[in-house]
Amino acid sequence: MHDMIFVNLPVIDLDRTRRFYTELGYTFNEKFCDGKALCLEVGPNIYAMLLQRDFFGTFHHLPTGDPATTTQVLLAVSARSREEVDALVDRAIAGGAAAGRTEDHGFMYGRSWSDPDGIVWECIWMDPQAAQDGPPKE
């Protein structure tokens, strides 16, 4: 149905945001980066537009919530293994993120963190068979 997704997120400091995500191993599509926005490449055709808070506010009529005090969205990205989950989340925490929860259901494993702006990210691994068949029935 859709070929691409762009998730728009408000951030306070673009330089700090660029450093944080670069240290995690992400890249940016520089064609869509400027003094008001960064285009974070999350995966093939998956982008997070990290927008200065005041610029973000020009896209809608409601006040922009503060992710440091309210949860606005939970973003989940996949990993190829449990070890990849741990490596990414550990790098995020070492880079200044706040540790979140850990979930281990055997067939699915995930950990979360809040980035320096308070945006909640989760990295999950799911057993390929469970991804195909759905979670085990209890």
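Since the model is a prediction, treat every value here as computed from it, not as a measurement.
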If you apply the rule side-chain contact (heavy atoms from CB on, under 4.5 Å), what do you find for Lys36 with Thr58, and how did you get there? CA-CA 11 Å; Lys36 297 183 275 188; Thr58 66; over 6 Å; no

Pairing residues for Glu23 by the salt bridge (charged side-chain N to carboxylate O under 4.0 Å, His left out) criterion, not counting sequence neighbours: none

Using the rule that Ile, Leu, Val, Met, Phe, Trp and Tyr join whenever any side-chain heavy atoms are under 4.5 Å apart, tell me whether [X] and [Y] fall into a single cluster.
X      : Y     : result
Trp121 : Ile5  : yes
Phe59  : Met49 : yes
Val7   : Ile46 : yes
Phe32  : Leu50 : no

Distance, nearest 0.5 Å, that separates [atom1] of [X] from [atom2] of [Y]:
X      : Y      : atom1 : atom2 : result
Glu41  : Glu30  : CD    : CD    : 8.5 Å
Ser114 : Ile93  : OG    : CD1   : 10.0 Å
Asp34  : Leu14  : CG    : CG    : 8.5 Å
Met108 : Asp127 : CE    : CG    : 11.5 Å
Thr17  : Gln52  : OG1   : CD    : 8.0 Å
Tyr109 : Asp104 : OH    : CG    : 6.5 Å

Could you check whether any side-chain heavy atom of [X] comes within less than 4.5 Å of a side-chain heavy atom of [Y], counting everything from C-beta outward?
X     : Y      : answer
Glu84 : Trp125 : no
Phe20 : Asp115 : yes
His2  : Asn45  : no
Leu9  : Leu40  : no
Phe28 : Thr22  : yes
Leu51 : Pro10  : no

Evaluate the ring planes of Tyr26 and Tyr21, with Trp represented by its six-membered ring, and classify them as parallel (under 30°), tilted (30 to 60°) or perpendicular (over 60°). perpendicular

Looking at [X] and [Y], what are the two nearest heavy atoms and their distance?
X     : Y     : result
Phe56 : Asn8  : CE1-O, 3.5 Å
Ala79 : Val85 : CB-CG2, 3.6 Å
Cys39 : Cys33 : N-SG, 3.3 Å
Thr64 : Gly57 : OG1-CA, 3.8 Å
Val42 : Ala48 : CG2-N, 4.0 Å

Is it true that a side-chain atom of [X] and a backbone atom of [Y] form a donor plus acceptor pair closer than 3.5 Å?
X      : Y      : result
Arg53  : Asp13  : no
Asp117 : Ile119 : no
Arg91  : Leu24  : yes

